[in-house]
Amino acid sequence: SQTIHQWPATLVQPVGSPLSLECTVEGTSNPNLYWYRQAAGRGLQLLFYSVGIGQISSEVPQNLSASRPQDRQFILSSKKLLLSDSGFYLCAWSVAPAGGLGTGELFFGEGSRLTVL
Amino acid sequence: GDSVTQMEGPVTLSEEAFLTINCTYTATGYPSLFWYVQYPGEGLQLLLKATKADDKGSNKGFEATYRKETTSFHLEKGSVQVSDSAVYFCAPSDQSGTSYGKLTFGQGTILTVHP
């Protein structure tokens, strides 16, 4: 069966420090991968998605970046964190169907709560 | 792009009460529609889905019907339990052909059920 894990679960970082959140998927190959952010009291915002190794699409301009060094590994990074980067970060994967059309069903990790002080 | 309007919360109910959480959407083409649930401190998990007009998704006593004519996908449950307390998200999937299956999530509706 497929599993998804992300870490760390909780992180407290000072403003201006770097960030690295990691996500790995097991039990499937060539998944679509996603990073979402959930700010306090708000809905989910798609930050990045990837359809393959080294292929990253950014949905919103920000000081965050994403990388996919391996098929089932997705990393969210920042060189210098801002207070506004605080939130709950969720990694997700979906099956990558032929033709580029998604089925829409996402499978989420447990989430990483980031507090920037 | 797609958009979703979800009933604002928080919603507070007594156990065994009837629940409705409204959701309407705008989308290109014929999206699949999803309800996700987020229990406290956890990630999201799929609650139910419908892939075409008039389909009814159901799971754990929750139901939602894909209404193409009103572009709605309202979530209902006849008798809620304390364990249903969570945040509920409505989400259509972008089927425009270049979207790679991205979901557009609503703001989420917080449901609290009291004994």
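In the text below, chain A, chain B and the rest are named by the order of the sequence lines, each starting its count at 1. The figures that follow rest on heavy atoms only: side chains count, while hydrogens, waters and symmetry mates do not.
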**Prompt:** Which other residues belong to the hydrophobic cluster containing A:Leu117, where Ile, Leu, Val, Met, Phe, Trp and Tyr are joined when side-chain heavy atoms lie under 4.5 Å apart, directly or via other members?
**Reply:** A:Val12
**Asked** For the residue pair A:Glu105 and B:Phe34, what are the closest heavy atoms and their distance?
**Response** N-CZ, 3.5 Å
**Request:** Please check if A:Leu47 and A:Trp7 belong to a single hydrophobic cluster, counting links between Ile, Leu, Val, Met, Phe, Trp and Tyr side chain heavy atoms closer than 4.5 Å.
**Result:** no
**Request:** Not counting sequence neighbours, list each pair that qualifies as a disulfide bond (SG atoms under 2.5 Å apart) and has a residue in residues 11-43 of chain B.
**Result:** B:Cys23-B:Cys90
**Request:** Give me the contact list for residues 77-92 of chain A versus chain B, heavy atoms only, anything under 4.5 Å, ordered by residue number.
**Result:** A:Phe88, A:Leu90
**Request:** Could you grab the distance from atom CZ of B:Phe105 to atom CD of A:Gln45, nearest 0.5 Å is fine?
**Result:** 12.5 Å
**Request:** Under 4.5 Å heavy-atom distance to chain A, tell me which part of B:Leu44 shows up: side chain, backbone, both or neither.
**Result:** both
**Residues of residues 18-28 of chain A contacting chain B, heavy-atom criterion under 4.5 Å, by residue number** = none
**Item:** Same cluster (ILVMFWY, side-chain, under 4.5 Å), A:Ile53 and A:Ile75
**Value:** no
**Complete:** So, the part of B:Gln38 with a heavy atom under 4.5 Å from chain A: the answer is side chain
**Asked** Is it true that atom CD of B:Glu16 has more than 12 heavy atoms of other residues, nucleotides or ligands lying nearer than 6.0 Å?
**Response** no
**Request:** Working to the nearest 0.5 Å, report the span between CZ of A:Phe108 and CG of B:Leu46.
**Result:** 9.5 Å
**Prompt:** Counting only heavy atoms not in B:Gln81, do more than 12 sit closer than 6.0 Å to its CD atom?
**Reply:** yes
**Prompt:** Between B:Tyr36 and A:Leu106, is there a donor-acceptor pair closer than 3.5 Å when you use the side chain of the first and the backbone of the second?
**Reply:** yes
**Fill in**
Heavy atoms of A:Tyr36 and B:Leu103 approach each other most closely as OH-O, 3.3 Å
